[in-house]
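Inspection log for the structure reproduced underneath, given as structure tokens.
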Amino acid sequence: MMSELVKFKFYETALQANRDKQILAESGINSFIANEQLIQSDWLLSQAVGGIQLQVFEEDVEKAHLALENYKENEQFSLEVEHTIADPAFDFVCPKCGSNHIYRDDSATSFFGISILTSHKFVCYYCGNEFTQ
């Protein structure tokens with residue numbers, strides 16, 4: 001009998017969906033992202049199609065929940081020296097861990113993916129620290 005794909009998690013951005021897809025892949029769990037291209041080409045359709053969806057096979061739902069939960073719990077211990085720069089005084093880095101792997105969080109200042117205000121909130125990929133610059 002063929003297993004069914006189920007809607008596992010919903011996202012506002014493709015970045016978040018792809019990060020979780022990668023975490024699941026590293027745990028040996030197949031997953032698929034639905035509506036990513038559609039919403040990126042026309043953000044007005046996001047409400048109509050239910051946002052960007054991460055889908056997994058029905059029998060993998062519990063394993064997927066555990067994989068994401070374990071990742072988030074262990075995330076603070078996954079820092080590696082190679083992901084940080086030697087001299088943070090000359091680069092834009094996370095003030096907590098020194099990593100230069102950061103991104104600007106526009107979610108609080110955007111409306112359906114369109115930026116309406118300039119955001120100065122940043123998030124570190126490695127320690128999860130949120131800070132302003």
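- For the salt bridge (Lys or Arg N to Asp or Glu O under 4.0 Å) condition, the pairs that include at least one residue of residues 61-70, sequence neighbours left out, are Asp60-Lys63.
- Within the model, atoms CD1 of Ile33 and CD1 of Ile52 stand 7.5 Å from one another, a figure rounded to the nearest 0.5 Å.
- The distance from the CD atom of Gln55 to the CD atom of Glu4 is 11.0 Å, given to the nearest 0.5 Å.
- Contacts of Glu26 classified as side chain to side chain donor-acceptor pair (under 3.5 Å), with partners at least two apart in sequence or in another chain: Gln22.
- Between the CG atom of Asn129 and the SG atom of Cys94 there is a distance of 4.0 Å, given to the nearest 0.5 Å.
- Cluster partners of Leu5 are Phe32, Phe57, counting Ile, Leu, Val, Met, Phe, Trp and Tyr whose side-chain heavy atoms approach within less than 4.5 Å, directly or via other members.
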- Message: Please determine whether side chain to side chain contact (heavy atoms under 4.5 Å, CB included) holds for the pair Leu24 and Asn30, giving the CA-CA distance in whole Å, both sets of side-chain angles, and the decisive distance to 0.1 Å.
- Response: CA-CA 7 Å; Leu24 295 180; Asn30 288 322; over 6 Å; no
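- For Phe10, the side-chain contact (heavy atoms from CB on, under 4.5 Å) partners are Lys7, Gln53, not counting sequence neighbours.
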- Message: For Leu15 and Arg19: C-alpha separation, side-chain torsions, deciding distance, then whether side chain to side chain contact (heavy atoms under 4.5 Å, CB included) applies.
- Response: CA-CA 6 Å; Leu15 179 68; Arg19 185 197 67 176; 5.8 Å; no
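- For Val61, the side-chain contact (heavy atoms from CB on, under 4.5 Å) criterion is met by Val6, Phe8, Val56, His65, not counting sequence neighbours.
- Among residues two or more places apart in sequence or in another chain, the side chain to side chain donor-acceptor pair (under 3.5 Å) test is passed with Asn18 by Glu36.
- A distance of 8.0 Å separates CG of Leu68 from OG of Ser27, quoted to the nearest 0.5 Å.
- With sequence neighbours left out, the salt bridge (Lys or Arg N to Asp or Glu O under 4.0 Å) criterion links Asp20 to Lys9, Lys72.
- Lys121 places no side-chain N or O within donor-acceptor distance of the main-chain N or O of Glu130, the cut-off being under 3.5 Å.
- Side-chain atoms of Thr132 and Phe122, non-hydrogen and from C-beta on, never get closer than 4.5 Å to each other.
- When every heavy atom of Ile23 is checked against every heavy atom of Ala67, the shortest pair comes out as CG2-O, 4.1 Å.
- Contact record, Ser3 with Glu58: OG-N, 3.7 Å, taken as the closest heavy-atom pair.
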